[in-house]
Amino acid sequence: MSERKGSIGDIISGLTITVLFVVILTLVVFAARGYQNSVETQDANGNTRAVSSYIVSSVRDNTAATSIEDRDGIECLILAGNGGYEQRFYHYEGSLYEEYCDPDQPVRPDVALKIGDTDRFDITITDSGLLEIITDEGSAYVNTQHHVISSRENQ
């Protein structure tokens, strides 16, 4: 009988250790997934802020004309530069791109610098020269006299 008691005790001890191991392993997996999701969310938020901020900074640094023009069927924010070159910002297949090129060159996303991902890129310039930039992050306003007016997040 004592052998049987020992073997039942051993089975209960083994099951207890196994259950504790499974619980601990499950907690580690959930913690790792939570951390991974947190990092991905922070990266996505950083990307959306970077897209808008980069354009605002570029417009503020621009010393020549700012305009919105259709180039090859793509709406582009054009910052005219010195020396006949222009800086273009445009939205193509879910991403925002920047090009430095001659004004006569076609839009070429395959060789342009990808600034970041955004599903939305709406740009308008008012009669008073206020540029509104709308991305996934929200709206940013810049006057074309190189001053940020304000910004707001989408509701």
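Just so it is clear, the structure is predicted and the values come from calculations on it, not from any experiment. Residue numbers start at 1 and run along the sequence shown.
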Treating Ile, Leu, Val, Met, Phe, Trp and Tyr as nodes and any side-chain heavy-atom pair under 4.5 angstrom as an edge, say whether [X] and [Y] lie in one connected cluster.
X    : Y    : answer
L131 : I115 : yes
F89  : Y92  : no
V19  : L27  : yes

Which pair of heavy atoms, one from [X] and one from [Y], lies closest together, and at what distance?
X    : Y    : answer
I123 : C76  : CD1-C, 4.0 Å
S95  : D117 : OG-OD1, 2.8 Å
G84  : P103 : O-CD, 2.9 Å
V56  : A140 : CG2-CB, 3.8 Å

Mind checking the [atom1]-[atom2] spacing from [X] to [Y]? Nearest 0.5 Å is all I need.
X    : Y    : atom1 : atom2 : answer
D122 : E75  : CG    : CD    : 7.5 Å
Y54  : T135 : OH    : OG1   : 15.0 Å
I74  : F121 : CD1   : CZ    : 11.5 Å
T26  : F30  : OG1   : CZ    : 6.5 Å
S58  : I133 : OG    : CD1   : 9.0 Å
N143 : R60  : CG    : CZ    : 9.5 Å

Steps toward side chain to side chain contact (heavy atoms under 4.5 Å, CB included) verdict (L113, Y100): CA-CA 9 Å; L113 173 66; Y100 286 99; over 6 Å; no
Do the side chain of E132 and the main chain of S139 share a donor and acceptor less than 3.5 angstrom apart? no
Polar side-chain atom of D136 near backbone of D119 as donor-acceptor pair, under 3.5 Å: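 At least one qualifying donor-acceptor pair exists.
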Given the rule in the side chain to side chain contact (heavy atoms under 4.5 Å, CB included) test, do L96 and I55 qualify, once you have shown the distances and angles that lead to the verdict? CA-CA 10 Å; L96 189 66; I55 296 173; 3.0 Å; yes
Mind checking whether Y90 and Y97 have parallel, tilted or perpendicular rings, split at 30° and 60°?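 It falls in the parallel class, under 30°.
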Step by step, would you call V59 with L77 a side chain to side chain contact (heavy atoms under 4.5 Å, CB included)? CA-CA 10 Å; V59 171; L77 175 62; 4.1 Å; yes
Sort out for me which residue in E99, Q105, E98 forms a side chain to side chain donor-acceptor pair (under 3.5 Å) with R88.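 Checked E99, Q105, E98 against R88; only one passes side chain to side chain donor-acceptor pair (under 3.5 Å): E99.
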Tell me, with the steps shown, if E86 and R71 meet salt bridge (Lys or Arg N to Asp or Glu O under 4.0 Å). CA-CA 12 Å; E86 66 185 17; R71 299 286 171 92; 2.3 Å; yes
